Structures are given as structure tokens and as C-alpha cells.
Novice: 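Please find one structure pasted underneath; my questions will follow.
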Amino acid sequence: MNFINPIDIDALISQAEEEALYFKLIEQVNKDFALANEPLDVPASIFPFEFKNLVQEKIYKLIQYKFAEYLNLLYIIDVSEEQIKKLDGSDLVELSEQVAFLVLKREWQKVWFRNKY
């Protein structure tokens, strides 16, 4: 089975749940945010919409108040700089949603590939 690029966060989380990798996704997110010294501490019992909101909120705060840490997080997670540069930064809320998607998409790729290979 090939990796399917999710079109949005909801599709991504659905894929993770369908493949029984939702908790692994949470673990990966917790691990990488902790590596960036910006712990998220997502509980395993979290509902998908809360998970999504938690990540978006954290990224919003990092962009607004801790930009260097935000860039470090993107580097640690290995989010494509090219994709980030394509985003419109005029609306911070929208930007943080888009970045959250890119972050979760990258984390999902890591989890998916680790599980398959």
C-alpha cells in the first residue's frame, strides 16, 4: 500500500485512525515538540479535533511570541522550507492552521513509513 498524501488535517487524522496509528502520531508529535524544547504533552486520550486545535494553538503562539523556536521546531520536524514559503502569512490564524497541517503531515509520513518498513 502506498502513502496517500492527505488533503487536510481531518483526512490525515482519519487515515491515522483507520491504520490504527493515531496514537503513534500523537507520540511522534510529542517527541518532536519536546526535542524542540516546546513540549506539547498531548494525552493519548485526546479527541482528534482537540489534537488538531492543540497543535494549531501551539504553532500560533510560537509564530507570534517565539519565532526562533518556531523555526527550530520546523527544522526538527523536517517540514519543507519550500512549502512554508508558499504560505500567505498575512493572517496569523490561517497561517498557523496551514503550518499545523504541514507539521502533522510530515509527522504522519514518518509514522506511516516507520510502520510499513
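Just so you know, these numbers come straight off a predicted model, no measurement behind them. Counting from 1, the numbers follow the sequence of the chain as shown.
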Novice: If we check side chain to side chain contact (heavy atoms under 4.5 Å, CB included) with Glu107, which of these qualifies: Leu12, Val55, Val29?
Specialist: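 So, applying the side chain to side chain contact (heavy atoms under 4.5 Å, CB included) to Glu107 and each of Leu12, Val55, Val29, only Val29 qualifies.
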Novice: Applying a strict under-4.5 Å side-chain criterion to I, L, V, M, F, W and Y, I'd like to know whether Ile77 and Phe3 cluster together.
Specialist: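 They do share one cluster, since a chain of ILVMFWY contacts under 4.5 Å joins Ile77 to Phe3.
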Novice: Looking at side-chain heavy atoms only, is the closest gap between Phe33 and Val42 below 4.5 Å?
Specialist: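 Contact flag for Phe33/Val42 side chains = no.
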Novice: Side chains of residues 90-106: which donor-acceptor partners sit under 3.5 Å, not counting sequence neighbours?
Specialist:
unit_1 : atom_1 : unit_2 : atom_2 : d
Ser90  : OG     : Asp88  : OD1    : 2.9
Ser90  : OG     : Asp88  : OD2    : 3.0
Asp91  : OD1    : Val93  : N      : 2.9
Asp91  : OD1    : Glu94  : N      : 3.3
Ser96  : OG     : Leu92  : O      : 3.1
Ser96  : OG     : Val93  : O      : 2.8
Arg106 : NE     : Asp78  : O      : 3.1
Arg106 : NE     : Asp78  : OD2    : 3.4
Arg106 : NH1    : Gln109 : OE1    : 3.3
Arg106 : NH2    : Asp78  : OD2    : 3.1

Novice: side-chain hydrogen bond (donor to acceptor under 3.5 Å, both in side chains) with Asn30: which residues, sequence neighbours excluded?
Specialist: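 For Asn30, no residue satisfies side-chain hydrogen bond (donor to acceptor under 3.5 Å, both in side chains) once neighbours in sequence are set aside.
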Novice: Could you tell me whether Lys110 atom NZ has more than 12 heavy atoms of other residues or ligands within 6.0 Å of it?
Specialist: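 Atom NZ in Lys110 is packed in, count exceeds 12.
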Novice: In terms of side-chain geometry, is the basic nitrogen of Lys61 or Glu38 positioned less than 4.0 Å from the acidic oxygen of its partner?
Specialist: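 No, Lys61 and Glu38 are not salt-bridged.
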Novice: Can you tell me how far the CG atom of Leu40 sits from the NZ atom of Lys31, to the nearest 0.5 Å?
Specialist: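 Leu40 atom CG to Lys31 atom NZ measures 15.0 Å (nearest 0.5 Å).
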Novice: With a 4.5 Å cut-off on side-chain heavy atoms, are Glu81 and Lys85 touching?
Specialist: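 Sidechains of Glu81 and Lys85: in contact.
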Novice: Cut-off 3.5 Å, no hydrogens considered: what does the side-chain donor-acceptor table look like for residues 45-52, sequence neighbours left out?
Specialist:
unit_1 : atom_1 : unit_2 : atom_2 : d
Glu50  : OE1    : Phe47  : N      : 3.2
Lys52  : NZ     : Asp10  : OD1    : 3.1

Novice: Would you kindly confirm whether Ile76 and Ile26 end up in one hydrophobic cluster when ILVMFWY residues are joined by side chain heavy atoms under 4.5 Å apart?
Specialist: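 No: no chain of side-chain contacts under 4.5 Å links Ile76 to Ile26.
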Novice: Students often mix this up, so state it plainly: with edges at 30° and 60°, are the rings of Trp112 and Tyr117 parallel, tilted or perpendicular?
Specialist: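 Correct class here is perpendicular.
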Novice: Determine whether Phe113 and Ile13 fall in the same hydrophobic cluster, where Ile, Leu, Val, Met, Phe, Trp and Tyr are linked whenever their side-chain heavy atoms lie under 4.5 Å apart.
Specialist: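 Yes, because Phe113 and Ile13 connect within a single hydrophobic cluster, where side-chain heavy atoms sit under 4.5 Å apart.
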Novice: Answer whether the closest heavy-atom distance between the side chains of Asn37 and Glu69 falls below 4.5 Å.
Specialist: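 They are not in side-chain contact.
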Novice: Would you say Tyr75 and Leu71 make side-chain contact, with heavy atoms under 4.5 Å?
Specialist: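 Of all side-chain heavy-atom pairs linking Leu71 with Tyr75, none is under 4.5 Å.
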Novice: Cluster question for you: counting only ILVMFWY and a side-chain heavy-atom cut-off of under 4.5 Å, with indirect links fine, are Val79 and Leu87 together?
Specialist: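 Linked, Val79 and Leu87 end up in one cluster.
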Novice: Please report the interatomic distance CD(Glu17) to CZ(Phe23), rounded to the nearest 0.5 Å.
Specialist: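 Going from the CD atom of Glu17 to the CZ atom of Phe23 covers 8.0 Å.
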Novice: How long is the span from the CG atom in Leu35 to the CG atom in Leu73, to the nearest 0.5 Å?
Specialist: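 One gets 10.0 Å once the value is rounded to the nearest 0.5 Å.
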Novice: Just wondering, do Phe67 and Leu62 contact through their side chains at under 4.5 Å, heavy atoms?
Specialist: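 Side chain of Leu62 against side chain of Phe67, heavy atoms only: no contact under 4.5 Å found.
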